[in-house]
Protein chains: 2
Amino acid sequence: MKQNKHSIFNDIPDEQKSGVVFKNHQLKKKIIKLLDKKGATTINDISKKFNSSSPKVNKLIQELIDEGLIEDLGKAETDVGRRPHLYGLIGDSMYFLGVDLGRNSIEIGLMDFNENPIHFSRDIEFNLENSEKSLLQLCDIINRFIDQNPGWRNKIVRIGVNLSGRVNHLSGYSHNFFNFTKTPLSSILEEKTGVPCFIENDTRARAFYEFYSHKSKDSGNILYINADYGLGLGVLAQGRLLYGKSGYAGEFGHIPFFENEIICICGKKGCLETEVSGRALEKQFKDKLKEGQSSSLQHSFANLENIRMDDIIKAANNDDTLSIELIGVMAEKLGKGITTLIHLYNPELIIFGGALAKSKDHFFLPLQMTVNKYSLSIVRADTQLELSKGTEGAGVLGACYLAKHKVLNPNPS
Amino acid sequence: MKQNKHSIFNDIPDEQKSGVVFKNHQLKKKIIKLLDKKGATTINDISKKFNSSSPKVNKLIQELIDEGLIEDLGKAETDVGRRPHLYGLIGDSMYFLGVDLGRNSIEIGLMDFNENPIHFSRDIEFNLENSEKSLLQLCDIINRFIDQNPGWRNKIVRIGVNLSGRVNHLSGYSHNFFNFTKTPLSSILEEKTGVPCFIENDTRARAFYEFYSHKSKDSGNILYINADYGLGLGVLAQGRLLYGKSGYAGEFGHIPFFENEIICICGKKGCLETEVSGRALEKQFKDKLKEGQSSSLQHSFANLENIRMDDIIKAANNDDTLSIELIGVMAEKLGKGITTLIHLYNPELIIFGGALAKSKDHFFLPLQMTVNKYSLSIVRADTQLELSKGTEGAGVLGACYLAKHKVLNPNPS
DNA sequence: AATAATTAATAAATTATTTTATTAATATAG
DNA sequence: CTATATTAATAAAATAATTTATTAATTATT
């Protein structure tokens, strides 16, 4: 495959690992990271920040300009003295590609360094199977997306691919899909596309989108609850995604929470998910109808078994009393679970997303009430609760943001 | 106060922040960190590790020898070629001081860079009050400890002080004690002793001792449960102590867990601690006696109200059936809580300490059974459960280890 | 036992970086 | 409108680092 032009974020050869070339390379990366964080910056500020002389920084800046990565943004406004030049990233110089694998479709998106969307394709037909054929099809779809525009391939510096199930982001192995080769999945993708790739769990990628796109992220302790058909959790602790020993951290849906007899999809009984999830909501709704309770949905469905989570949520938003009640009770139960999370992670923010969060206040108000009831006020005071805006393509965006994050922070998570 | 001689871990003046002096200083610190981690190392290995030339490393090594921090350990064994010299830290060149504040006593310990104990003083009389007098007394005790040996003061590079309650390790403010000044507590201690100081929550310091002294700490995801009069938790997530937004992370004892009517010391009802803690055990034990159940302890106590947690644990270890039963039931309840922790943190190890853990198998076996019963086997498989060895002076040792850790890792937590 | 092969340490040569001095650009005061 | 003060950028000088060549130390081999 074609080699990416932008070597700045590719590893440099081993023989150069010692010496000046390597150190200049490192410093250039640091400069780019700084410009990304702070925006337009002067040579003096950069040289102070990195304890490097201004002639040295000047030289590297000139090289970065020649490489097409940064540009001179003119002079800064100052009160006195000669005005320094400002330098900033050329957002269009580098791209990130995000891929979100669903069961029956793929979504792909391209984002530039300034986080502007370049192009998105939704609902690309794809049959996810644990087979080599399916994997090759995936690579083909990605390559065809990239080749839509001849200028793109050379600009893409990293590709992130979201998969459901257990994913080892460090080794690049997926546990549930494409696990038939000795080579890590990420390496195969890399070989087929010619661009460095990584894989990530889809809920965590979505969570990362929420974390990254949110304004207030002071201390970096944020939780994202995905209340959908299942119940997922993504954790950002002290600025880093939490994985735990093998990537299971945040298995919120399966903590033992109820003394009930409902068997969870995980095989255990009493999991939080057995009573708090879209799946549980469907079950509870149908049970109530069988018990003789009424709902506006009865008119729309000939066969009540066809009622789905989304229908119930829509009904609640159209004032269906039974739906509102069930969602409210569920939110109260979730609130107690959230209190546990607040005490264990002491987050500054919890964001609620997924289908259930779409029922807005019917879900959010009882949730908040319960959290207030059960939590220590001194701990609770730290934590802000928020509904997700439910942005389309959060998964793909999360993969793109993660790609950018990994490019700028190669060492830790 | 006398200034510490070892400037290597003190911040260098601002005017030197640019330039060669600063960079050499940084590289020397990196060398010391490497020697601490890897033990005896050659100049070539160091220069490769840090992308620095061997003449440069050679020069810095000579300087470090002159400063008395490292020593030439003779030649390495090699198969072929000239044998390189090995260099290693002089453990005795730098000390760490740990201070553990109890309600009525202080414990102080001194440890060298190789983690050898130098001197420990237990049960120093001290009355902890939120007053300036009490604070001055504390400083006096610390200074008197240091002055026991005229050679110590100059060798101590950092002092760690453990306090109960909420502690901000970053700002240096304590929430519950010595909170009457605008100056952070850590700065006051620093001024009075002439050595850089930090403060930390006592449970977290204890937890850090357990993490640091344990052999297997691969991925750095470890929990420490302090099952004592209260119920505490210390979390090491991805190699870093977990604090959360304001240092409340790990408030395990106060998660809403029971539908009971017992008012917790925190003011809420239903907290895990209301039924799982030494405090709860005392209450339950006395209630059972009042209900007419019998125990061997009835013979030893004229007034049954004087029975304490430690007596019940001792009784259990001497085959007292009632004590064993109560501890067993408590361990089962804790097991369910532990399962929640396993699902949320996916740790590789959980260590159980505190007084309750001293009842060994009476506590540990029912605990393990319950964890196995409630947890997802695939997540559970990652987690090893262990009883703490219950080392004397774990708090002071934790403060010393933390001091060393902070000296070697100044940037993150 | 002498020699070749190998690697470490050091010295010398080369290259790179920083420091300083100089020139350029800009605002303010007289 | 010019002089002065102030800061940026650049050039020159000084310093420091790396690279290379050389010498030293060591094992295996002839």
Side-chain angles (χ1 to χ4, degrees), chain A residues 12-31 34-35 38-66 70-88, chain B residues 12-31 34-35 38-66 70-88:
Chain A
I12 66 170
D14 251 12
E15 62 262 34
Q16 297 185 341
K17 275 253 161 163
S18 153
V20 178
V21 178
F22 176 79
K23 282 178 192 166
N24 284 349
H25 190 91
Q26 295 293 97
L27 190 47
K28 278 186 189 174
K29 286 202 275 188
K30 281 163 129 186
I31 290 174
L34 182 72
L35 294 185
K38 302 269 183 189
T41 309
T42 68
I43 285 175
N44 259 348
D45 287 346
I46 296 170
S47 79
K48 264 175 213 149
K49 174 83 184 172
F50 298 128
N51 302 295
S52 237
S53 68
S54 58
K56 164 100 233 201
V57 172
N58 202 330
K59 195 186 128 214
L60 294 178
I61 290 282
Q62 291 311 322
E63 286 179 23
L64 286 168
I65 290 174
D66 292 344
I70 70 172
E71 63 187 334
D72 187 333
L73 296 170
K75 294 175 180 175
E77 290 293 326
T78 52
D79 288 345
V80 67
R82 180 173 171 176
R83 279 149 51 182
H85 280 247
L86 289 168
Y87 298 89
Chain B
I12 67 170
D14 252 13
E15 64 262 35
Q16 297 187 338
K17 274 252 162 165
S18 153
V20 177
V21 179
F22 177 78
K23 283 179 192 164
N24 284 350
H25 190 91
Q26 294 293 98
L27 190 48
K28 276 186 190 174
K29 286 202 274 190
K30 281 164 126 186
I31 291 173
L34 182 73
L35 294 186
K38 303 269 184 189
T41 310
T42 68
I43 285 176
N44 260 348
D45 287 346
I46 296 170
S47 80
K48 265 177 211 146
K49 174 81 184 174
F50 298 128
N51 302 295
S52 237
S53 68
S54 58
K56 163 102 233 198
V57 173
N58 203 329
K59 194 185 127 216
L60 294 179
I61 289 281
Q62 291 311 321
E63 286 179 24
L64 286 168
I65 290 174
D66 292 344
I70 69 171
E71 61 186 335
D72 186 334
L73 295 170
K75 295 174 179 176
E77 290 293 325
T78 53
D79 288 346
V80 66
R82 180 172 168 176
R83 279 147 52 178
H85 281 245
L86 290 167
Y87 298 90

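We name chains A, B, ... by the order of the sequence lines, and we start the count at 1 in each one.
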By nearest atom, which of the nucleotides [options] is closest to the [X] side chain?
X	options	value
A:N58	C:dT19, D:dT10, C:dA16	D:dT10
A:R83	D:dT18, C:dT19, C:dA27	C:dA27
A:P55	D:dT26, D:dT18, D:dA11	D:dA11
A:P84	C:dT18, D:dA9, C:dT17	D:dA9

Distance check needed: [N] [atom2] versus [X] [atom1], whole Å only.
X	N	atom1	atom2	answer
A:N24	D:dA17	CG	P	15 Å
A:H85	C:dA24	NE2	P	14 Å
A:Q62	D:dA9	CD	C1'	11 Å
A:L27	C:dA16	CG	P	15 Å
B:K56	C:dT14	NZ	P	22 Å
A:N44	C:dT18	CG	P	13 Å
B:K23	D:dT18	NZ	P	11 Å
A:I43	D:dT10	CD1	C1'	10 Å

So with a 6.0 Å cut-off around CG of A:D66, is the heavy-atom count from everything else above 12? yes
Mind listing the closest non-hydrogen atom pair of [X] and [Y] along with its distance?
X	Y	answer
B:Y87	B:I65	CE2-CD1, 3.8 Å
B:F50	B:K30	CZ-O, 3.4 Å
A:I43	A:S54	CG2-O, 3.8 Å

Residue whose closest nucleotide on DNA chain C lies nearer the 5' end, B:S54 versus A:G81: B:S54
Both A:V80 and A:V57 contact DNA chain C. Which one's nearest nucleotide lies toward the 5' end? A:V57
Touch class at under 4.0 angstrom, heavy-atom based, for B:D45 against every strand present: nothing
Using a cut-off of strictly less than 4.0 Å, decide whether A:K59 has a side-chain nitrogen or oxygen near OP1 or OP2 of C:dT17. yes
Watson-Crick or G-U wobble mate for C:dT18, both contacts under 3.5 Å: D:dA13
For a quick check, tell me whether the side chain of A:R82 and the base of C:dA25 share a donor-acceptor pair closer than 3.5 Å. no
